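Presented below is the structure to which this report refers.
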Protein chains: 2
Amino acid sequence: MDMTFSKDRSAGYLANHMARLFFAGLSRRIRPLGLAPAQFMVLLELWEEDGLSQADLVARLDVEQATMANTLARMARDGLIDRQPSPTDRRARLICLTARARALRPQAIAAAQAQNSEALAGLSTAEQAQFLALMKTVIATMQKRRDASPGPGGAAE
Amino acid sequence: MDMTFSKDRSAGYLANHMARLFFAGLSRRIRPLGLAPAQFMVLLELWEEDGLSQADLVARLDVEQATMANTLARMARDGLIDRQPSPTDRRARLICLTARARALRPQAIAAAQAQNSEALAGLSTAEQAQFLALMKTVIATMQKRRDASPGPGGAAE
DNA sequence: AAGGATTGCATAGTGTGCTATGCAAAAGAT
DNA sequence: ATCTTTTGCATAGCACACTATGCAATCCTT
């Protein structure tokens with residue numbers, strides 16, 4: 001087998017590098033709206049369905065609960081969401097969009113679409129479709145492995 | 001045009017999600033060696049050529065100088081590198097591997113290769129090659145745009 | 001040689017992700 | 001009904017990325 005290991009042939013390195021460039025590009029485009037990338041992802045879900053719980057958002061975006069708690073705290077600080085007590089569960093708080101957040105939808109989505117098409121501009125339409133399909137497969141593969149590894153002592157109890 | 005915007009069809013979202021899964025997988029595999037992913041990337045360069053300057057590493061890994069400074073501080077703290085005064089430039093310090101860091105090479109590279117092949121296990125050999133090629137193209141496209149945007153006032157002075 | 005511009009690095013502050021921990025409320029078991 | 005487990009969320013602490021800033025050393029121009 002090949003003894004060399006070049007970062008330029010490593011899927012993990014390329015994935016990290018590409019994700020950083022996407023992050024920077026989106027960040028630059030939505031900063032004028034007062035948004036950050038992680039906030040935009042939350043807004044995408046809330047624009048679809050307002051009044052979700054934190055746990056709902058965690059499940060939809062596949063981040064850890066603590067990550068979501070911090071992102072939501074910044075969004076509340078920035079006037080993007082209100083948190084109302086859940087009528088059915090006194091532990092939970094429903095995440096509700098402010099008028100300002102609702103108004104940002106068209107510009108924010110346009111910014112994200114612009115970033116995506118700019119990034120993929122070097123690919124043909126067919127290549128773009130295959131690129132997305134390949135990423136989805138790789139994600140699904142890694143998720144399967146992760147969810148099958150319950151950590152130390154997982155199968156021993 | 002399509003009014004909907006689904007994160008599952010967004011290259012940027014998929015890139016971020018995939019990169020997080022790669023990060024977590026590599027992290028899990030090299031943690032037993034006392035390494036973190038960003039440290040591993042620096043080691044990859046130093047295993048190729050020891051005694052680089054911080055600026056050299058910044059150029060090779062395409063991260064900001066401040067990011068590299070912090071990563072190197074953690075690596076020095078963890079006994080992976082020594083920083084020796086440069087004989088030719090009193091501002092610079094040459095980054096030199098410790099014996100411990102040198103010894104980690106085979107296991108760390110094996111861990112990274114294992115993570116990459118596990119992640120790509122759902123793709124054929126041809127698909128894997130195309131996947132890497134597509135990522136490289138997308139990266140190059142975004143880098144070109146970034147480097148062509150010198151920021152506010154760039155062309156006006 | 002002197003002065004201004006550039007280079008090499010460190011530090012502060014922030015965003016986004018993670019693990020680990022703790023607590024209160026809800027749900028389930030007996 | 002009480003006790004245990006699970007669930008929903010917050011917080012602390014860390015890694016790693018960024019921008020902005022500052023300082024000292026070097027380089028370049030004159």
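Every chain is numbered from 1 and lettered A, B, ... according to where its sequence line falls, protein lines coming before strand lines. Keep in mind it's a predicted model, so treat the numbers as computed, not measured.
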Starting at [atom1] of [X] and ending at [atom2] of [N], how long is that distance when rounded to a whole Å?
| X | N | atom1 | atom2 | value |
| --- | --- | --- | --- | --- |
| A/Arg20 | C/dT16 | CZ | P | 16 Å |
| A/Arg77 | C/dT16 | CZ | P | 9 Å |
| B/Leu80 | D/dA15 | CG | C1' | 14 Å |
| B/Asn16 | C/dC18 | CG | C1' | 13 Å |
| A/Gln65 | C/dT21 | CD | P | 15 Å |
| B/Glu64 | C/dA10 | CD | P | 15 Å |
| A/Arg91 | C/dA24 | CZ | C1' | 8 Å |

Respond yes when some side-chain nitrogen or oxygen of [X] is under 4.0 Å from OP1 or OP2 of [N], and no when none is.
| X | N | result |
| --- | --- | --- |
| B/Arg93 | C/dA10 | yes |
| B/Gln54 | C/dT7 | no |
| A/Arg74 | C/dT14 | no |
| A/Thr67 | C/dT16 | no |
| B/Arg83 | C/dA10 | yes |

### Task
Could you pick out which residue, B/Leu72 or A/Arg90, lies toward the 5' side of DNA chain C when each is mapped onto its nearest nucleotide?
B/Leu72

### B/Leu97 backbone acceptor or donor facing B/Asp50 side chain under 3.5 Å
yes

### Query
Checking A/Gln128 side chain against A/Leu123 main chain: does a donor-acceptor pair fall under 3.5 Å?
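Between the backbone of A/Leu123 and the side chain of A/Gln128 there is a qualifying donor-acceptor contact (under 3.5 Å).
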
### Derivation and outcome, side chain to side chain donor-acceptor pair (under 3.5 Å), residues A/Ser86 and A/Asp89
CA-CA 5 Å; A/Ser86 161; A/Asp89 187 332; 5.9 Å; no

### Query
Start at the 5' end of DNA chain D and walk down; is the nucleotide closest to A/Phe23 or to A/Ala66 reached first?
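Going by which nucleotide is closer to the 5' end, it is A/Ala66.
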
